[in-house]
Every structure is written in structure tokens, then in C-alpha cells.
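Remember, it's a predicted structure, so these values are computed and weren't measured experimentally. Lettering follows sequence order; numbering is per chain, from 1.
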Amino acid sequence: MNSPLLIILLLIPAAGALIGALLPIAAARSWALLISLATLLVGIIIAWRFQYGFSGFQFTFDNANLSLPFHASFSLGIDAISIWLVLLTVLLMPLSIAASWEVIKDRPREYYSWMLLLLAAMLGVFVARDILVFYIFFELTLVPMFFIIGIWGGPERRAAAGKFFLFTFTGSVFTLAAAIYLGYHAGTFDIAAIVDYARTSLTDGERYWILLALLAGFAVKVPLFPVHTWLPLAHTEAPTAGSVILAGVLLKLGTYGLLRLALPIGILAANSVAFPHMIHVLGYLCVIGVIYGALVAWVQKDVKKLVAYSSVSHLGFCVLGMIALNTYGIEGSVLYMINHGLSTGAMFLVIGMIYDRYHTRDIRELSGLARRMPILAFFFVLFTLASIGLPGLNGFVSEFLTILGAFTSPYLGVWFGTFAALGIILGAVYMLHMVACIIFGPLRTPESHDHGQVPGDIGKREIAILIPLALAVVFLGVYPSGVLRSMNDAVARIQQPILRQERQATANLQSPFSAGAQHREFPRLAADVVPNP
Amino acid sequence: MNDLLQAMFPEIVLCAAAAILLLMGVSRRPSTRRAAPVLAILALIVAGASQLSAIGGSAARLDLRWNTVRVYEFARYVKLLSSAIGVLLVLLAWPTNRDATGGPAHNFGEEAAEFFGLMLLSIAGIFIVAGANDMMLLFLGIELASIPTYIMVSISAPRAISQEAGVKYFFLGAMAAALMLFGFSYLFGTTGTTRLDLIAQRIDPRTGLTAWQILAVVMLIAGFAFKMAVVPLHFYAGDVYQGAATPVTAFLSFVPKISGFVALLKILFAVTAGTWHIAPQIVKLLWVMAALTMSVGNVLGLVQVNVKRLLAYSSIAHSGYMLVGVTALLSTTDYEIQSSALQGILFYLSAYGLMNVAAFGVLILLPSRLNQPSTSAETFEDLAGVGRKHTLLALAMAVSCFSLIGLPLTVGFFGKFLLILPAWKANLTWLVIILVINAAVSAGYYLRIVGAMFLGSETAGPRFRQQPAADQPIHHPMPVLVSVGISMVAILWFGIVWPATSRLTIRTATAAHIEPAVNTPVASVSQR
């Protein structure tokens with residue numbers, strides 16, 4: 001059965017971008033907001049009609065007429081994991097467009113068209129069921145973001161845009177090569193079929209190289225530790241909305257790719273876990289990223305750069321949970337993607353609002369904003385606490401689950417968990433340091449600021465932008481089990497080989513011949529053990 | 001005789017039109033000379049249409065009397081492709097009134113009609129190469145494709161640099177021709193015939209090529225490498241591309257290249273008796289040449305300051321990508337893989353032609369800021385900040401750059417895809433890795449073009465600080481706009497509408513063997 005909803009979800013922003021480029025300049029921003037809200041509406045309809053707790057793809061769309069000579073087909077679908085990322089994307093985009101409302105004066109038509117194209121491309125990645133379609137959308141996100149950073153960014157925008165494009169593109173060409181290899185050998189580009197093929201027919205040597213090629217693309221996008229250097233520059237130079245989308249959604253393309261392709265194809269073999277040492281290497285990179293990102297964030301003077309480095313640190317947690325390969329870890333990791341998107345996106349929004357007023361983001365120049373802008377200060381503190389992982393707000397649950405996953409995982413173990421937990425402490429240190437410096441303390445007006453006018457608190461538009469995010473942050477903190485429970489089956493599907501192995505181990509344990517076999521018990525339902533705050 | 005006429009019909013049309021154009025060049029009436037490009041386009045359309053199976057019939061056109069010409073689906077594809085791109089190239093070179101434009105594209109004076117005559121002759125050369133079944137005719141075809149380009153480079157612009165480029169190109173081209181002839185003579189000496197089908201018969205597929213024949217093939221590859229601008233015979237490319245006027249550069253980047261590739265494929269087909277199974281030394285040679293060509297082209301592309309020179313190195317790199325396809329073709333014995341490799345090469349040739357027409361077309365439409373006589377945009381400074389004033393033009397350039405990088409939704413993506421696919425199939429793992437690394441490296445310099453246009457400001461560059469950019473209004477000649485527009489539509493069409501549904505892939509798939517009766521070469525034609 002073909003459901004048109006996903007096609008509509010992609011076509012609305014894509015067509016909206018093309019039409020928006022032809023509209024008069026004055027109408028550009030309203031049009032973009034309208035289109036992004038329409039996309040949000042479609043997203044909500046999909047979420048409404050979605051059958052949670054069903055592990056397979058829903059709203060599938062296959063078009064046989066569009067099939068390529070090499071057995072790829074334009075097939076879409078959405079499952080319990082991707083629905084949350086789609087919802088995150090459609091939620092963040094109208095907010096980012098609203099945040100650009102007053103700021104983007106230069107060439108607004110182009111700006112909003114690129115934003116809408118970016119929306120279509122990002123949604124395409126999350127709903128693709130064909131590895132080639134996935135790759136096409138994955139690459140398509142580069143072009144709009146290149147222009148958004150490069151044209152509307154800060155003083156070093158050219159370098160930032162180029163670095164962003166080149167890093168990501170260089171990584172992902174290897175992914176393309178691997179995708180073509182898999183597609184050719186499996187005889188199809190359908191992701192599920194490729195995963196099946198990879199589990200049954202790939203030799204270890206092939207799997208190793210394919211894993212490396214897939215990692216090359218996704219690790220840069222995430223970004224993992226040694227290839228993260230494009231991120232701080234791109235985040236800092238991008239316009240506010242660009243940073244929000246970059247941190248909120250684009251980085252998730254990398255983690256999503258890891259979860260959908262790299263893990264099932266590269267790491268999880270038919271009945272076992274291939275390359276435990278690669279999991280270790282990844283684990284080291286994650287832990288290094290967590291701690292290194294946190295330490296570097298601590299000494300930043302630019303607030304935006306601080307949050308950018310905090311992203312490096314946070315995504316270390318996210319990937320660490322994923323490669324723990326147990327239910328806690330993977331579910332925590334998916335939840336982490338959403339939470340990071342919400343809280344970091346929100347922080348970039350607030351920082352953008354501060355920048356609009358003071359034209360500086362220097363931690364040394366800003367001080368005591370709580371006295372002048374109490375509402376802004378409230379939101380800023382709220383999102384900071386969410387980002388640190390205060391219980392009751394969203395960050396806590398996912399951080400807890402990923403670290404729990406690392407602790408209980410047979411592939412990672414105590415030390416990875418311990419060092420990652422150290423990252424949480426450091427996270428609190430740099431975040432609270434930042435809050436203490438710019439929100440509290442004596443009220444000071446930056447030297448570079450024009451003393452003529454005193455900037456006021458945030459207005460209705462800005463409050464309206466932040467309120468949905470604040471609600472989501474609180475909601476996911478109080479009731480995460482809704483999200484977690486819906487994912488159970490989808491995550492179990494990814495974990496299949498491990499579960500099978502586990503079952504085998506249990507069977508061996510019961511047989512008298514293998515009394516010495518090691519066995520670890522993994523609770524199935526993470527949602528059942530999440531502490532209810 | 002009649003079948004020969006039928007088989008050679010498009011070549012005859014083109015050469016006849018070229019002859020008329022040469023005569024028109026002598027006319028004193030400007031209106032006559034102004035009609036030249038119209039006639040050239042008409043001739044190309046007639047020649048191309050005669051190759052459409054709907055009009056010309058899909059049967060093979062063979063010259064049964066002397067066996068010199070054999071037109072199968074492969075040759076039809078090449079002819080159709082080169083006449084289509086030829087139309088776009090003629091549009092690019094359309095004479096523009098120097099006073100009305102900010103950047104006259106080439107020296108339009110008395111030579112206009114001859115110029116188009118030379119263009120047609122050159123394209124007729126590709127037609128002959130595609131259909132030739134005789135080494136002599138093949139050689140004539142290649143030289144017919146090349147010699148007019150030497151003249152075109154020299155007369156294209158009244159600048160010393162153009163003369164120099166023409167002379168350099170001529171001498172190196174003559175050397176390449178000598179190499180080629182040397183190779184042909186060895187092939188003739190060892191087989192006793194100049195006919196390709198007889199060569200195929202007389203080379204024993206079990207013993208393969210003799211040492212002398214391998215030497216001959218290596219020399220032929222060297223000669224074709226010059227035409228294709230393949231390392232190590234690429235040295236002329238930078239100077240010649242930069243020196244020639246931009247429409248001529250666009251012509252140079254396509255016509256000699258396609259003639260070289262087609263000739264290479266035909267010769268390899270003949271000496272392997274249609275099995276594509278050749279001595280491993282030659283496969284290795286092509287492997288190394290492919291890897292070197294891609295890498296040298298892209299790395300040197302990174303350091304260029306002149307956009308035309310940059311596109312010259314990009315053109316070298318793209319030859320390297322196509323050589324990956326040739327290497328894949330030769331390193332497998334599986335018929336399916338061979339067809340997919342040939343399909344990849346043929347698809348890439350058309351993709352490359354389209355992307356290049358668009359890129360050079362935009363350069364022609366933009367003025368040089370240095371106000372030298374008779375140049376179009378050449379340097380990054382000329383392109384700086386163009387995105388603000390001429391958004392559509394800059395977008396067209398961006399699309400062709402993204403296509404040259406190989407980003408999705410452009411024809412370049414499927415071009416690369418269809419080359420990587422057979423390379424994987426033929427187990428050329430390292431070549432695939434080198435190819436994708438090169439794709440990433442090439443993104444570096446193509447992005448510089450896009451960056452200069454959209455992200456740069458108009459006053460960038462040291463020379464402009466002293467000399468403010470002349471803010472003259474730019475008159476865009478309509479034919480060039482049409483040409484850029486057509487290629488833009490084609491780039492996006494073949495990239496977005498999935499190639500499965502596009503005529504192009506269907507055509508490349510049917511053309512994917514040079515002669516239909518593979519493995520039993522030449523059985524189909526009786527000898528008289």
C-alpha cells in the first residue's frame with residue numbers, strides 16, 4: 001500500500017522553496033513560515049496516525065516506475081525511530097525561520113528558499129528506505145547549508161562554509177563507494193535487504209572495509225573526536241537559524257546513519273558482533289570527545305563556540321550509548337538525539353537573541369543579563385539545565401540511559417561508563433560557568449555596544465519561539481517512557497543478532513555441557529527501569 | 001556505393017555545409033556571414049536527426065563494398081551526442097557584437113563563417129571516427145577532428161597568448177599524430193591489413209597480442225591520450241585552454257576528448273577481437289594512467305587562479321574518471337560488466353559535455369573586469385560577487401560546478417555512479433578509492449568558483465583596489481543564454497528525473513557494445 005503522506009512531507013518544502021524564490025521579497029519570510037508550518041502539520045498528521053509499538057516501516061511509499069537500471073528505487077517509509085527525528089526536524093524549522101524574522105535583511109528570498117530546501121533534504125534522509133535515496137538526501141543537505149553559512153554567516157563565513165562542505169563531502173564519498181558496493185553485491189539498494197545481505201554473505205574483510213567507509217561519512221557528520229574540527233567554526237559563523245538546524249538536525253544525520261547503516265551492516269553480523277575492537281576504538285573516540293569537548297568548551301570566550309564544543313561532548317555520549325548495543329544504550333542514544341536537538345537548538349536561539357541585542361557573544365563582556373532580561377534569563381537557565389542533565393528535564397534521562405548502557409554493555413564496560421560520567425560533571429562545570437558569567441553577576445554593558453539605547457527583554461515573537469521548546473524539554477523530562485516504549489520493537493529489530501546470540505547463550509547455559517558459559521542478563525524494556533522523576 | 005552514401009550521409013552533410021561556410025566567409029556582405037551559424041546548426045541538426053532510429057531506421061549501416069564504414073548503435077550514439085553538444089557549442093560561439101557586450105567572446109571579424117566551417121569539419125571528424133572500420137579512416141577522422149581546432153585556437157582571439165597556444169597545440173598534436181601513425185603502422189605490419197574487423201580476425205585470441213602488437217597498442221594509447229588530455233600527455237591543456245577564447249576552449253574540452261575516447265575504445269575492441277581481453281600490461285598501464293590523470297588533474301586544479309586553466313585541469317581529471325571505466329572494461333571477462341562499463345563511459349561523455357557547455361557558457365556571459373580586449377571572465381576576481389548581480393547566471397555556474405563535483409540531483413552524480421558501479425564489479429577496489437578521494441579533492445576547487453561568486457564581494461582581489469570595476473551594463477547574447485539554458489535543463493533533467501526514465505540511459509544501454517556480435521567478431525558481414 002502506498003501512502004502519499006511522506007511524499008507530501010517532502011514535496012511541500014521542496015516546492016515551497018522553488019515558489020518562494022519567485023515571490024516578491026517582502027513575502028519571502030511569511031511564505032517560508034507558512035510552508036514550514038504546513039510541513040509541521042503534515043508531520044503532526046503522520047505522528048497522529050502512526051501506530052506506535054509497531055517495529056516495521058509505516059506510510060511506505062514505493063514507486064516501481066521510478067526504479068533505476070541498477071535496482072534502486074524511490075522508496076520511503078518511517079518507523080518508530082525516524083518518526084521522532086522527523087518530528088524534531090519539522091518542529092525546529094518553523095522556529096528557526098521565526099528566529100530569522102528580523103535578522104535576515106540581505107537577500108531574504110534566497111535565504112528562505114535555501115532553508116526550505118534544507119528542510120526537504122533533511123526529512124528525506126530520515127524517511128529514506130533505499131540507501132541511494134538516503135545518500136542523495138544526505139548530500140543534498142550540504143548545498144543549502146553551504147550557502148546559509150557562506151552568505152549569511154559571521155566574519156569568517158567563507159572559511160567556515162568551505163570547511164563544512166569539504167569535511168562532510170570528503171567523508172561521505174567513501175560512504176557512496178560503500179553504498180554502491182553493497183548495492184551491487186546485494187542486487188538491490190533497499191536498506192533492509194542490504195542489511196540482510198550483509199549479515200549473511202559478507203566476509204569479515206569486506207565488512208571491515210565497509211564499516212570503515214560508512215564510518216568515514218557518518219563520523220565526520222556526527223562529529224566524532226578527531227574529525228570534529230569543522231564543527232566549532234561552522235557553528236560559530238553560521239547565522240542563528242543555521243546553527244540551530246546544524247546542531248539540532250544535521251548532526252543527527254550522522255548518528256542516524258550510524259544507527260541505520262553502520263551498526264547493522266558493519267558491526268552486527270548474523271549471530272555475533274563483528275569487530276569488538278572497532279567498538280572499542282569508537283568507544284575511545286567517544287570518551288575522548290566527551291572529555292575533550294567539555295574541557296575545550298570550558299575555556300571558550302565565545303558563548304556560541306562554547307555551545308558548539310558542548311555539542312562535540314554531547315554527541316560523544318550519544319554514540320557511546322549506541323555502540324553499547326544494548327537496549328538502554330540504543331534507546332538512550334535515540335532519545336539523546338532528540339534531546340540534544342531540542343536543548344542545543346534552544347540554546348543557540350537564546351544566544352542569537354542576546355547577540356541581536358548586544359552584537360557580541362563574548363563571555364567577558366556580557367554579564368548580569370538576568371537583571372535586564374529576566375524572561376530571557378529564565379529560558380537560558382532552563383535550557384542550560386536541560387543540557388546539563390538536571391533530573392526532571394529531558395537531558396537527564398538520555399544521559400542516564402546512555403551511561404547505563406555503557407556500564408552494562410559487554411563490549412564497553414565500566415571504564416567507558418566512568419569516564420563518560422566524568423563528562424557529565426565537566427558539562428555542569430562549563431555550562432554553569434557560562435550561566436554564572438553572563439546571566440548572573442553585576443549588570444554590565446559590553447564596551448562594543450552602542451550606549452545610546454538599552455536593549456529590552458525578549459518580545460512576544462521570541463517568547464513564542466522558545467515556549468514550544470521549553471514545553472518539549474519539560475515534557476520529555478517528565479514522561480520519556482512514551483518515546484522510549486514506542487521505540488522498543490524498532491530497536492529490538494536493530495539488535496536482532498545480539499538478542500539471538502543472547503538467547504543462544506541462555507540455551508547453552510541451561511545445557512549441562514556448557515556450565516561455564518558466561519551469561520549476562522539484559523533487561524528488555526528500558527522503559528520499565530527508567531526512574532520516574 | 002549506395003550503402004556507403006547512406007552510411008556516410010551525416011559526414012557528407014557536415015562536410016558539404018562546412019564547404020559552403022568556407023565560401024560564405026569570402027562574402028563581403030555581412031548578412032551572409034551572419035547567416036553562418038544558422039547554417040551550421042541546421043547541418044548539425046540534420047546530421048544528428050539522421051542518426052535517430054525513428055528517422056534513419058535502427059538497422060546497422062554498413063559499407064558492404066569496401067568495408068570501411070560500419071555504423072552500429074554505438075556509432076549512432078556518439079554521432080547523436082556529438083551533434084547535440086555541437087549545436088550547443090555553436091550557440092556558445094555565436095558571433096557577438098563587440099560594442100554591445102561587456103566581454104566579446106571571440107574575435108568576430110572577417111573569419112566568422114570559416115570559424116563555423118572549421119567547427120563542422122571537426123565534428124565530422126568525430127562522426128568518421130565513430131563509424132570507421134579502417135585504421136586509415138580512423139586516423140583521418142581523428143586528424144579531421146583535431147586540425148581545425150589548431151586553427152580555431154590561433155584565430156580565436158587577437159592576443160599573443162592565443163597564437164602561442166595555437167602553435168603549442170599544433171606541434172604537440174603533430175607529435176601525437178606521429179605516435180599514432182607509428183602505432184598503426186606496427187599494427188598493419190603484424191596483421192597485414194588496415195581493416196579493423198580483419199585485424200580482429202587475425203589476432204589469435206588464445207595467444208593474444210604479440211610483443212610488437214602490444215608496442216603498437218601502447219603507442220596508440222599514447223596518441224589518443226594526447227587527444228583525451230590524459231597524464232602524461234596533458235601538458236598542453238593548461239596553456240591551450242587558457243590561451244584560446246572561451247567558446248573555443250569549450251569546444252576543445254569536448255571534441256578532441258570524445259574523438260580520443262571513441263578511437264581508443266574502437267582500437268581496443270578490434271585488437272581484442274571484441275572480447276575486451278587484453279594483455280595485462282596494457283590493463284596495468286591504463287590503471288596507472290587513470291589514477292595519475294585523476295590525481296594530477298585535481299591536485300593541479302587546486303592551485304589555479306585562472307578559471308579557464310582550472311577547468312582545463314578539471315577536464316584532465318574527468319578524463320581520468322572515464323579511464324577508470326576503460327580499465328574496468330578491460331579487467332573483466334564478464335559480458336554484463338563490460339556492458340555496464342561501456343555504458344558508464346558513454347554516459348559520462350554526455351554528462352561531461354553538458355556540464356562543460358554550461359560552465360564555459362557562463363564564463364562567456366560574464367565580462368572580464370580587466371578590460372583587456374576580447375576576453376570573457378577568466379579569473380576568480382572576475383567572478384567575485386557575481387551571485388549578487390547576476391543570480392541566475394551564478395546559479396547556473398553553481399549547478400554545473402556541483403555537477404562536476406558529482407553531487408546528487410545533477411547528471412554528474414549519476415555519471416560518477418555509473419563509473420563506480422562497473423569498477424566495483426570488476427574488483428578495482430583501489431581505483432574506486434582513488435576516484436572517490438579525487439572527487440573530494442575536486443570539490444575543493446569547484447567550491448572556490450561557487451564561493452567566489454556567491455560568498456565573495458565584488459571588490460575582492462588586489463588589482464581592483466587600484467582600478468575600480470567598470471560598471472558597464474552587460475548585454476547577454478541570446479544564443480549563449482539559450483545554450484546555457486538547454487544544458488542546465490539537461491543537467492537537472494538527467495539528474496532529477498531518474499535516469500531509468502530518461503532517454504539518455506536507455507540509449508547508452510543499447511549502445512553499450514561497439515558492435516552487436518561480440519565474441520564472434522565480424523561474422524555478420526560478408527566479404528566481397
Next item on the list: Evaluate the side chain to side chain contact (heavy atoms under 4.5 Å, CB included) criterion for residues B:I433 and A:F174: first the C-alpha distance (whole Å), next the side-chain angles of each, then the deciding distance (0.1 Å), finally the verdict.
Entry: CA-CA 8 Å; B:I433 292 173; A:F174 292 98; 4.2 Å; yes
Item checked: Donor-acceptor pair, side chain of B:W424 and main chain of A:A178, under 3.5 angstrom -> no
Check: Can you name the nearest heavy-atom pair linking A:A177 to B:V436, along with the distance?
Finding: CB-CG1, 3.9 Å
Notebook entry, point to check: Top residue by heavy-atom pair count (under 4.5 Å) with chain B, among A:Y184, A:F137, A:F169, A:F146?
Noted result: A:Y184
Item checked: Point-to-point distance, once rounded to the nearest 0.5 Å, from CG of A:D106 to CZ of B:R388 -> 4.5 Å
Next item on the list: Let me know if B:T391 has heavy atoms under 4.5 Å from chain A in its side chain, its backbone, both or neither.
Entry: side chain
Check: Once the angle between the rings of B:F413 and A:Y135 is folded into 0 to 90°, is it parallel (under 30°), tilted (30 to 60°) or perpendicular (over 60°)?
Finding: parallel
Next item on the list: List the atom of A:V173, the atom of B:A439, and the distance in Å for their closest heavy-atom pair.
Entry: CG1-CB, 4.4 Å
Check: Out of curiosity, A:L176 CG to B:I420 CD1, how far, rounded to the nearest 0.5 Å?
Finding: 5.0 Å
Check: Closest heavy-atom contact between A:L166 and B:G444?
Finding: CD2-N, 3.6 Å
Notebook entry, point to check: Going by the angle between their ring planes, with limits at 30° and 60°, are B:F454 and A:F147 parallel, tilted or perpendicular?
Noted result: perpendicular
Checklist line | Atom of B:L455, atom of A:R158 and distance for their closest heavy-atom approach | finding: CB-CG, 3.4 Å
Next item on the list: Evaluate the side-chain proximity of A:E110 to B:L395: yes if any heavy-atom separation is below 4.5 Å, no if none is.
Entry: no
Note to self: For B:I405, which atoms come within 4.5 Å of any heavy atom of chain A: side chain, backbone, both, or neither?
What the structure shows: both
Next item on the list: With the side chain counted from C-beta on, respond yes when A:L140 and B:L409 share a heavy-atom pair under 4.5 Å apart, and no when they do not.
Entry: yes
